[in-house]
Enquirer: 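Quick one: this structure, given as structure tokens, is what I'll be asking you about.
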Amino acid sequence: MGRKSGTKTTLFFLLISLISFLAFAPVFAPLPSFSSHYSLSPRHRHHHHRKVVTSTVAVKPRSFEIDDDKFWKDGEFFRIIGGDLHYFRVLPQYWEDRLVRAKALGLNTIQTYVPWNLHEPQPGKLVFEGIADLVSFLKLCHKLDILVMLRPGPYICGEWDLGGFPAWLLAIEPPLKLRSSDPTYLRLVDNWWRILLPKVAPFLYNNGGPIIMVQIENEFGSYGDDKAYLHHLVKVARGHLGDGIILYTTDGGSRENLEKGTIRGDAVFSTVDFTTGDDPWPIFKLQKEFNAPGKSPPLSSEFYTGWLTHWGEKNAKTGADFTASALEKILSQNGSAVLYMVHGGTNFGFYNGANTGVDESDYKPDITSYDYDAPISESGDVENAKFNALRRVIELHTAASLPSVPSDNGKMGYGPIQLQKTAFLFDLLDNINPADVVESENPLSMESVGQMFGFLLYVSEYTPKDDKSVLLIPEVHDRAQVFTLCHSEDNNRRPTHVGSIDRLSSKKLGLPNAKCASNISLFVLVENQGHVNYGPYIFDKKGILSSVFLDGSILHGWKMIPIPFHNLNEVPKINLIIEVAHSRFITVSTQRELKDKPGNVSEVPAFFTGHFFIKNANQIHDTFISFSGWGKGIAVVNDFNIGRYWPSFGPQCNLYVPAPILRHGENVLVILELESPNPELVIHSVDHPDFTCGS
């Protein structure tokens with residue numbers, strides 16, 4: 001439309017327009033550390049349906065939009081070349097190091113999940129410090145000029161315990177229907193997002209921050225088709241974040257998944273993921289059917305650079321050239337991709353997830369390492385073929401020159417660490433607060449007694465008989481070690497190992513004949529090996545989930561004793577690890593008591609403690625603890641739970657210990673060995689990972 005009015009009239013209407021904009025524009029908390037100076041270039045395109053506004057105002061609003069089947073950042077065409085990097089799998093001291101390496105690969109965007117269970121491990125107990133300091137992570141991304149695609153769930157999958165749901169949701173009665181429009185579940189999600197989303201709102205791109213898109217749920221089309229649930233999440237997200245942010249979904253690139261997991265129209269942008277190596281463009285064509293016209297830039301929001309690994313499997317690997325070639329097929333035609341993962345990190349503590357196979361009993365827990373065969377390794381290494389191959393492809397499709405590639409961080413092996421047995425697990429039970437012990441006629445789940453991770457000890461008793469008894473536990477999640485104890489025998493004051501039961505094995509176990517003048521105590525130590533994070537069996541309670549039968553009759557009268565340990569974001573009031581770590585001076589009589597009886601050396605859970613010294617501060621580097629020759633357990637270094645080890649099952653032999661955990665001078669390693677300690681009681685600190693253990 002041509003101008004007909006004079007200069008004064010034009011200025012008058014500009015003034016009125018500016019006043020109206022300021023009156024109705026949403027106001028968000030400012031970010032003092034964010035710069036308000038941006039160089040914006042107008043978009044040179046002709047669209048009769050888009051209004052072009054000219055103004056004399058110096059500072060133009062930031063914008064990230066979808067139009068013409070493309071992304072537009074501040075008016076300029078933009079291609080997302082991103083990667084998943086999860087702040088909760090990397091120590092905060094290393095966030096910047098890993099982000100700088102991602103930029104050197106050529107990435108302009110980082111995608112990250114937000115795990116509800118990390119931030120609210122107990123109802124109403126909120127954690128946003130340390131490795132859970134999401135706000136600091138977002139500020140760091142902004143400082144480094146990296147955009148963010150945020151995935152706040154409430155379900156995230158991600159090979160993370162229970163898909164990011166807090167396990168206390170499983171204790172609610174009547175049971176919740178997760179990932180649905182169940183009113184009680186939605187009320188809890190609303191409460192969580194009422195806490196989370198206002199924290200991230202100031203970091204949206206149009207508010208001066210790095211967040212360009214926010215995901216709704218996660219691959220919902222692979223799980224259900226409850227559209228009311230998805231619409232509710234969109235409504236809540238809009239209520240907290242406003243209309244200016246792009247909301248998106250991610251679903252597998254099949255028609256069925258997209259039909260169930262997407263929201264038609266232009267309210268939510270539908271993205272796809274698919275197997276690396278598949279022809280991407282027919283899938284991107286399908287993607288367009290589930291977006292409004294002009295609103296479907298081709299985006300693979302999970303371009304798999306590797307794959308996950310379960311205990312007992314061969315370590316997953318994918319070829320560097322194969323992966324780079326698949327990325328080239330997307331970028332060569334102006335497609336966008338997010339590398340899943342660019343850097344995997346570590347499942348510290350008890351937060352690894354698990355999958356199931358053909359049925360619920362086909363249980364497959366994830367290993368501690370989340371290396372994922374990503375271009376940036378678990379310890380941050382980039383001097384590898386996959387990083388180089390992907391960088392070459394990205395460089396071809398990036399106008400600006402890429403940043404230089406940092407050298408790999410130093411690694412150091414501190415040599416053999418001599419361990420000493422400092423306590424049997426059963427010897428520490430007297431330190432448990434009696435108020436934490438729960439009594440019930442029948443066994444209760446771990447979640448029902450407030451134990452969301454780790455171990456729960458079930459204790460009952462039975463009357464011995466001359467013949468061998470048969471114990472049957474039809475349903476145990478995930479792994480149970482069974483012990484018996486005759487209190488009337490003075491020479492056997494510690495429970496004796498009988499055998500093990502898990503979700504895959506036979507549920508029956510023969511109890512040995514016992515000449516005992518009193519009732520025999522039955523101890524069942526159950527390990528939660530990680531809640532299922534994907535698929536139809538995600539409602540995965542832990543512990544003994546059925547009646548327990550002895551010779552065909554139900555065994556009643558149980559005590560449930562929680563075993564307290566560090567988790568990534570929780571330190572228990574009574575900390576067995578701390579107590580054991582400081583038990584350095586053991587009397588001769590105690591040492592005699594701790595010696596194993598013949599034939600029982602490898603069967604009773606026990607704590608072992610060792611110390612190693614770093615003489616100079618400049619010798620503090622990343623290291624790996626090798627558990628070759630040991631059985632199964634957990635390891636804690638300087639009060640930090642570095643995760644589970646299971647070299648007898650494999651494939652992971654060594655656990656990663658980032659340098660920020662270590663300290664100048666004395667360092668303390670404590671392990672809980674559940675099965676079979678190395679006869680030499682030696683563990684080695686080495687300078688490399690190893691995934692060759694097990695059968």
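Along the sequence shown, the residues carry numbers beginning at 1.
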Enquirer: Donor-acceptor pair, Lys314 side chain versus Phe691 backbone, under 3.5 Å?
Expert: no
Enquirer: Report the relative orientation of the aromatic rings in Tyr351 and Trp160; use parallel for angles under 30°, tilted for 30 to 60°, perpendicular for over 60°.
Expert: parallel
Enquirer: Between Val526 and Ala480, which heavy-atom pair has the shortest distance, and what is it?
Expert: CG2-CB, 4.1 Å
Enquirer: Show the nearest heavy-atom pair for residues Glu666 and Arg663, with the distance to one decimal.
Expert: O-NE, 3.1 Å
Enquirer: Let's go through Thr318 and Thr305 carefully: what are the C-alpha distance in whole Å and the side-chain angles of both, what is the deciding distance for side-chain contact (heavy atoms from CB on, under 4.5 Å) to 0.1 Å, and is it a yes or a no?
Expert: CA-CA 7 Å; Thr318 58; Thr305 61; 5.8 Å; no
Enquirer: One pair to check against salt bridge (charged side-chain N to carboxylate O under 4.0 Å, His left out): Lys364 and Asp478. What are the steps and the verdict?
Expert: CA-CA 10 Å; Lys364 303 173 182 180; Asp478 298 304; over 6 Å; no
Enquirer: Is any NZ, NE, NH1 or NH2 atom of the basic residue among Asp371 and Arg89 found under 4.0 Å from an Asp or Glu carboxylate oxygen of the other?
Expert: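 Salt bridge: no.
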Enquirer: Taking the ring centre of each residue, are Trp95 and Phe137 less than 6.0 Å apart?
Expert: yes
Enquirer: Are Glu96 and Arg101 within salt-bridge range, i.e. N to O under 4.0 Å?
Expert: no
Enquirer: How about Asp145: does its CG atom have over 12 heavy atoms from other parts shown lying under 6.0 Å from it?
Expert: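 No, because the 6.0 Å sphere around CG of Asp145 holds 12 heavy atoms or fewer from other groups.
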Enquirer: So which heavy atom on Leu105 is nearest to which on Pro375, and how close?
Expert: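 Where Leu105 meets Pro375 most closely, the heavy atoms are CD2-CG, 4.1 Å.
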Enquirer: What class does the angle between the rings of Phe128 and His119 fall in, given that below 30° is parallel, 30 to 60° is tilted and above 60° is perpendicular?
Expert: parallel
Enquirer: Looking at Thr609 and Val670, would you say the former's side chain and the latter's main chain have a donor-acceptor pair under 3.5 Å?
Expert: no
Enquirer: Using a 4.5 Å cut-off on heavy atoms from C-beta on, say whether the side chain of Phe607 contacts that of Leu425.
Expert: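 A side-chain contact exists here, since the closest heavy-atom pair is under 4.5 Å.
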Enquirer: Would you check if the side chain of Asn388 reaches a backbone N or O of Asn384 as a donor-acceptor pair within less than 3.5 Å?
Expert: yes
Enquirer: His621 side chain to Asn409 main-chain N or O, any donor-acceptor pair under 3.5 Å?
Expert: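 Between the backbone of Asn409 and the side chain of His621 there is no qualifying donor-acceptor contact (under 3.5 Å).
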Enquirer: Are the side chains of Met341 and Tyr370 in contact, using a 4.5 Å heavy-atom criterion?
Expert: yes
Enquirer: Do Gln420 and Phe608 come close enough that some side-chain heavy atom pair is under 4.5 Å?
Expert: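 The answer is no; the side chains never approach within 4.5 Å.
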Enquirer: Within this structure, what is the CG-NZ distance for the pair Leu419 and Lys421, rounded to the nearest 0.5 Å?
Expert: 11.5 Å
Enquirer: Distance check, rounded to the nearest 0.5 Å: Leu134 atom CG versus Leu118 atom CG?
Expert: 9.5 Å
Enquirer: So Gln111 and Arg151, do their side chains get closer than 4.5 Å, heavy atoms only?
Expert: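 Heavy-atom side-chain distance check passes, below 4.5 Å.
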Enquirer: Anything under 30° is parallel, anything over 60° is perpendicular, the rest tilted; go ahead and classify Tyr304 against Trp307.
Expert: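 Aromatic pair Tyr304/Trp307 classed perpendicular.
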Enquirer: Please check if the side chain of Lys317 supplies one atom and the backbone of Gly306 the other of a donor-acceptor pair under 3.5 Å.
Expert: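 No, Lys317 side chain to Gly306 backbone: no donor-acceptor pair under 3.5 Å.
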Enquirer: So do Pro658 and Tyr94 actually touch side chain to side chain, heavy atoms under 4.5 Å?
Expert: yes
Enquirer: Between OG of Ser136 and CD1 of Ile131, what distance do you get to the nearest 0.5 Å?
Expert: 13.0 Å
Enquirer: If you look at every heavy atom in His531 and Asp161, which pair is closest and at what distance?
Expert: N-OD1, 2.7 Å
Enquirer: Over 60° means perpendicular and under 30° means parallel, so tell me whether Phe350 and Phe565 are parallel, tilted or perpendicular.
Expert: tilted
Enquirer: Run the side-chain hydrogen bond (donor to acceptor under 3.5 Å, both in side chains) check on Ser500 and Gln481 step by step: do they pass?
Expert: CA-CA 4 Å; Ser500 298; Gln481 292 173 273; 4.8 Å; no
Enquirer: Tell me, do Tyr656 and Asp622 make a side-chain contact under 4.5 Å, heavy atoms counted?
Expert: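 Contact flag for Tyr656/Asp622 side chains = yes.
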Enquirer: Residues two or more places apart in sequence or in another chain: which of them pass ring-ring contact (aromatic ring centres under 6.0 Å, His included) with Phe426?
Expert: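 With neighbours one apart ignored, the set is Phe483, Phe523.
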Enquirer: Are the side chain of Glu120 and the backbone N or O of Gly124 linked by a donor-acceptor pair below 3.5 Å?
Expert: yes
Enquirer: Contact between Asn355 and Asp366 at the side-chain level, heavy atoms closer than 4.5 Å - yes or no?
Expert: yes
Enquirer: For the residue pair Pro121 and Met452, what are the closest heavy atoms and their distance?
Expert: O-CG, 4.4 Å
Enquirer: Run the side-chain contact (heavy atoms from CB on, under 4.5 Å) test on Lys542 and Phe453 for me, step by step, so that the C-alpha distance in whole Å, both residues' side-chain angles and the decisive distance to 0.1 Å come before the verdict.
Expert: CA-CA 9 Å; Lys542 299 299 186 182; Phe453 55 83; over 6 Å; no
Enquirer: If we ignore angles and hydrogens, is there a donor and acceptor under 3.5 Å between the side chains of His664 and Asn616?
Expert: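 Per modelled atom types, His664 and Asn616 side chains form no pair under 3.5 Å.
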Enquirer: Atom NE2 in His343, atom NE2 in His86: separation rounded to 0.5 Å?
Expert: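 So the gap between those two atoms works out to 10.5 Å.
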Enquirer: Give a yes or no on whether Lys125 atom NZ has more than 12 heavy-atom contacts from other residues, nucleotides or ligands under 6.0 Å away.
Expert: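 Yes, the 6.0 Å shell around NZ holds more than 12 heavy atoms from other groups.
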Enquirer: Do the ring centers of Phe640 and Phe348 come within less than 6.0 Å of each other?
Expert: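 Yes, the ring centres sit under 6.0 Å apart.
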Enquirer: Could you grab the distance from atom CD1 of Ile544 to atom CG of Leu444, nearest 0.5 Å is fine?
Expert: 10.0 Å
Enquirer: Do Lys632 and Ser676 have side-chain N/O donor and acceptor atoms under 3.5 Å apart?
Expert: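 No, Ser676 and Lys632 have no side-chain donor paired with an acceptor closer than 3.5 Å.
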Enquirer: When you measure from the side chain of Gln418 to the backbone of Glu680, do you find a donor-acceptor pair of N or O atoms at a distance under 3.5 Å?
Expert: yes
Enquirer: Quick check: do Thr623 and Met412 have side-chain heavy atoms less than 4.5 Å from each other?
Expert: no
Enquirer: For Asn654 and Ser626: C-alpha separation, side-chain torsions, deciding distance, then whether side-chain hydrogen bond (donor to acceptor under 3.5 Å, both in side chains) applies.
Expert: CA-CA 4 Å; Asn654 303 350; Ser626 171; 3.3 Å; yes
Enquirer: Which heavy-atom pair separates Asn352 from Gln529 by the least distance, and what is that distance?
Expert: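 Taking Asn352 first and Gln529 second, the nearest heavy atoms are ND2-O, 2.9 Å.
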Enquirer: With side-chain contact (heavy atoms from CB on, under 4.5 Å) as the criterion, how do Ile146 and Leu107 come out once you've worked through the C-alpha distance, each side chain's angles and the decisive distance to 0.1 Å?
Expert: CA-CA 8 Å; Ile146 298 174; Leu107 305 192; over 6 Å; no
Enquirer: Going from CG on Leu150 to OH on Tyr113, what distance comes out if it is rounded to the nearest 0.5 angstrom?
Expert: 11.5 Å
Enquirer: When you measure from the side chain of Asp408 to the backbone of Glu383, do you find a donor-acceptor pair of N or O atoms at a distance under 3.5 Å?
Expert: yes
Enquirer: Which is it for Asp540 and His477 under the side-chain hydrogen bond (donor to acceptor under 3.5 Å, both in side chains) test, yes or no, and what are the steps along the way?
Expert: CA-CA 8 Å; Asp540 181 31; His477 290 188; 3.1 Å; yes
Enquirer: Taking it one step at a time, do Val342 and Asp84 satisfy side-chain contact (heavy atoms from CB on, under 4.5 Å)?
Expert: CA-CA 6 Å; Val342 65; Asp84 264 79; 5.7 Å; no
Enquirer: Measure up the Trp558 and Tyr458 rings against each other and bin them: parallel (under 30°), tilted (30 to 60°), perpendicular (over 60°).
Expert: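 Rings of Trp558 and Tyr458: perpendicular, as their planes differ by over 60°.
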Enquirer: For the NZ atom on Lys103, are there more than 12 heavy atoms of other groups (residues, nucleotides or ligands in this structure) within a distance under 6.0 Å?
Expert: yes
Enquirer: Check disulfide (SG to SG under 2.5 Å) between Cys653 and all other residues, then give those that pass, not counting sequence neighbours.
Expert: Cys693
Enquirer: Is there a donor-acceptor pair under 3.5 Å between the side chain of Ser685 and the backbone N or O of Tyr414?
Expert: yes
